[in-house]
There are 2 protein chains.
Amino acid sequence: MRMTITIAVDAMGGDHGPSVAVPAALDFLSSSSESSIILVGVAEAIEKQLAIHKAVTGKRLHIHPASEVVMMDESPQSALKNKKDSSMRVALNLVKSGEAQACVSAGNTGALMATSRFVLKMLPGIERPAISTILPTVKGHVHMLDLGANVDCTPLQLLQFGVMGAMLVSAVEHKDRPSIGLLNIGEEEIKGSETVKQAAVLLKESGLNFYGNVEGTDIYRGTTDIVVCDGFVGNVVLKASEGVVQMLSGFLRQEFSRNFLTRFVACICNPVLSAFKQRVDYRRYNGASLLGLQGVVIKSHGSADRFAFRFAIDRAEQAVSNDVLLRINNQISMTGEGLN
Amino acid sequence: MRMTITIAVDAMGGDHGPSVAVPAALDFLSSSSESSIILVGVAEAIEKQLAIHKAVTGKRLHIHPASEVVMMDESPQSALKNKKDSSMRVALNLVKSGEAQACVSAGNTGALMATSRFVLKMLPGIERPAISTILPTVKGHVHMLDLGANVDCTPLQLLQFGVMGAMLVSAVEHKDRPSIGLLNIGEEEIKGSETVKQAAVLLKESGLNFYGNVEGTDIYRGTTDIVVCDGFVGNVVLKASEGVVQMLSGFLRQEFSRNFLTRFVACICNPVLSAFKQRVDYRRYNGASLLGLQGVVIKSHGSADRFAFRFAIDRAEQAVSNDVLLRINNQISMTGEGLN
C-alpha cells in the first residue's frame with residue numbers, strides 16, 4: 001500500500017509567488033492520485049489564484065495561512081530574525097511537526113537554507129547542507145552537488161556530499177552502488193587543489209563506489225551517476241551551462257529567422273526542433289534537493305514557471321516515497337566515525 | 001610599415017604532431033603575406049609532411065631541428081630535466097634568442113607552462129602565468145582567464161590576471177578600457193569565498209575598468225570583455241561548456257536522424273544547420289595565450305585539427321603585431337607597487 005504524502009508548498013516564494021505555485025500545485029494534484037498539498041501563504045492571494053483556476057480546497061488541497069513573505073534579496077539573517085511567520089518558515093514548520101513530509105519553495109536560496117537548518121536541524125554527522133540537482137547527459141542524467149550552499153569546502157564535506165548523493169541516487173533510482181566522480185581539472189591523481197586531492201583519498205577509503213576524478217566534460221557525458229564538487233565550482237558550472245544553452249538556442253533561432261527561406265525551413269523542421277527543445281528544456285530539471293537536513297526540502301528555481309515548479313513538487317514526492325532521508329541517515333550512521 | 005613576424009611552431013606537439021602542425025602552418029602562410037614560420041622538430045617527419053602537401057621550405061618557411069618530443073602525459077619536471085632538445089623547448093629558445101617573436105605549441109600544457117617559465121622567465125611583478133582564451137558570447141566574444149595554470153589563486157594573482165587580460169584585450173581589440181568581471185556565485189559583494197571577496201577589493205582599487213562580480217551565465221551573455229577566475233574554476237567551466245555543446249549537438253543530430261521524415265527535413269535545413277554549426281565551432285576559438293611571460297606563447301588544443309591549429313597561429317601573429325607583451329609590461333610597471 002502506498003502511503004499518503006503531504007507536501008507543504010511555499011506559495012509566496014520565487015519571482016512569481018502564488019500565480020505560479022498555485023497552478024503548479026493543481027497540475028501536480030491532477031496527476032498524482034494519492035498525495036496532498038498544503039499551500040502556505042497569504043490566504044487571500046492563494047484563494048484568488050484558486051478562483052482564477054476554478055479550483056477549491058478539499059481533502060487533498062489545504063491552505064495554511066502565513067502573513068509574511070521572505071524577499072528574494074533579503075539576507076538569511078534578516079529572514080530568520082524578522083520573518084517568523086513567513087510562508088517559507090511556516091511551510092518548514094509543517095515538515096518539522098509532521099503535518100507535511102516535504103517542503104517545496106522557490107524562495108531566496110540563502111534564506112531557505114538558513115531557515116531549514118534552523119527549523120529542521122542537520123542530520124547527525126553532517127556539517128552543512130548541500131544543494132543537489134539533476135542535469136541531462138548524453139546517456140540520461142547525472143546528480144551534481146554542491147551547487148552553491150558551501151563556497152569553501154573541506155575534504156570531509158566533499159566526502160559527505162558523496163555519501164548524501166549516493167544515498168539520494170540509490171533511493172530515487174534504485175541503483176545499488178551509484179558511481180561518484182570528483183570534479184577536478186584532470187583525471188590524474190596528482191591534479192587539482194589540496195582540498196580535492198584529500199577528498200579523493202577520503203572517497204577512496206569510504207567504501208562508496210568512487211570512480212575517481214572527472215573533468216568538466218564528463219558531467220554531460222554521464223561518466224558517473226554523481227558528480228561531487230564544492231558549491232562555488234558547482235554554482236558557476238551550472239550557471240555557465242545554462243548560459244551556453246541560452247546562447248546556442250539564441251543562435252539557432254537567429255539562423256532560422258535570417259530570411260524568408262530560412263523561416264520557411266524553420267516551419268518544416270518545427271517538429272524536430274520542438275523535440276530537441278523539449279529534450280534540453282531546463283524546466284524539466286527544476287527542483288534541487290537540500291540534502292543533509294532532518295526533512296525533505298526542495299528548492300525550485302526562483303524564476304520557475306508553472307511547468308517547471310510542478311517538476312519541483314514531483315521531486316519532493318519522489319524523495320519522500322523513496323525514503324531518501326532514512327537512507328541517508330542510515331548510511332551516515334553506518335559510515336559512522338569515518339565521517340567525523 | 002608592418003613588421004615581419006616570425007613564429008616558431010612546435011611541429012611535434014599535440015595528439016597529431018606534424019600531420020596537423022605542418023598543413024596548418026602552410027594554410028597560415030598562404031593567407032598571411034608578411035609573416036614567416038619556423039617549423040621546429042624532427043626534420044624528417046616535417047619534410048615528409050611538406051612533401052605530402054607539395055610544399056618546400058623557402059624565405060618564409062624554415063625547419064629548425066629538434067631531436068626530442070615531450071609526451072602528452074609527461075610530467076613538467078621530466079620535460080624540463082630530460083628533454084632539453086625537445087621541439088617545445090627549442091621553439092621557446094628561438095623566442096628567447098629573438099629569432100622568433102612567438103611560439104605556438106599543441107603540446108602538454110603543464111610542460112609548456114613550466115618550460116616557458118624556465119626559458120622565457122616571468123614579466124617582473126607577475127607571480128605566475130595565466131592561460132587566457134576567447135569564448136563566444138551572444139554579443140561577440142569574451143576573454144577568460146585563468147583556465148588551469150593555477151589551481152589555488154591568491155587575491156593578488158586574480159588582480160594580476162585582470163591586469164594581463166585588460167592589456168591583452170586593449171592591445172588586440174583596440175579597446176581603451178575593457179571591462180573586467182570577477183566570476184562569483186552572485187553579483188552581491190557579500191557573495192563568494194574570502195579570496196574572491198579580497199580580489200574584488202583589489203580590482204576595485206586598481207584603476208582598471210572593474211565591472212564587479214559576474215555569474216556563470218554572464219560569461220556567455222557577454223556582460224564584460226574579460227572574465228577573471230582561478231584556474232580550477234576556469235578549467236572546469238571551459239570543459240563543462242564544451243560538454244554542453246557536444247551534448248546538444250548530439251541531441252540535434254539524433255532528432256534529425258530519428259526517421260525517414262526527419263532525415264529529409266535535415267537535408268532541407270542543412271544550410272541553416274551548417275551556419276549554426278560554424279557559429280558554435282569550438283575550433284575557431286583555438287589558441288590560448290600564456291600570459292605573464294617575457295615572450296608570446298600560444299597553446300593550441302592537443303586534439304586540434306589543421307583548421308583549429310591554424311587559428312592558434314593566427315592568434316600568435318595578432319598578439320605580436322599588437323604589442324601585447326609591451327603593453328602588459330608597461331601596465332604592470334605603471335600599476336607598480338600595487339601589484340606586489
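Order of the sequence lines fixes the chain letters, A, B, ..., with proteins taken first and strands second; residue numbering starts at 1 for each chain.
Between chain A and the options B:Val245, B:Asp218, B:Thr137, the largest number of non-hydrogen pairs under 4.5 Å is found for B:Thr137. For the options A:Gly222, A:Pro136, A:Gly250, heavy-atom pairs under 4.5 Å to chain B are most numerous at A:Pro136. Between chain A and the options B:Ile185, B:Val236, B:Asn235, heavy-atom pairs under 4.5 Å are most frequent for B:Ile185. Taking A:Leu135, A:Leu238, A:Thr195, A:Asp152 one by one and counting their heavy-atom pairs under 4.5 Å with chain B, the maximum is reached by A:Asp152. Each of A:Val233, A:Asp230, A:Leu252 has some count of heavy-atom pairs under 4.5 Å with chain B, and the biggest count is that of A:Leu252. Residue with the most contacts toward chain A among B:Gly234, B:Gly110, B:Ala240: B:Ala240 (heavy-atom pairs, distance under 4.5 Å).
Neither the backbone nor the side chain of B:Asp73 comes within less than 4.5 Å of any heavy atom in chain A. Heavy atoms of B:Ile219 lying under 4.5 Å from chain A belong exclusively to its side chain. Heavy-atom distances place the side chain of B:Val196, and not its backbone, under 4.5 Å from chain A.
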Checklist line | Stepwise side chain to side chain contact (heavy atoms under 4.5 Å, CB included) check, A:His16 with A:Asp305 | finding: CA-CA 8 Å; A:His16 310 296; A:Asp305 63 8; 5.8 Å; no

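With respect to A:Glu242 and A:Lys239, no salt bridge is recorded, no charged nitrogen being found less than 4.0 Å from a carboxylate O.
Under a 3.5 Å cut-off, the side chain of B:Glu215 and the backbone N or O of B:Leu183 do not form any donor-acceptor pair. Listed for the A:Lys299 side chain is a donor-acceptor partner under 3.5 Å among the backbone atoms of A:Gly107. A donor-acceptor pair under 3.5 Å is formed between the side chain of A:Ser241 and the backbone N or O of A:Val237.
The shortest non-hydrogen separation linking A:Leu290 to A:Ser116 is CD2-OG, 4.0 Å.
Between the side chains of B:Asn286 and B:Ser300, at least one donor N or O lies within less than 3.5 Å of an accepting N or O.
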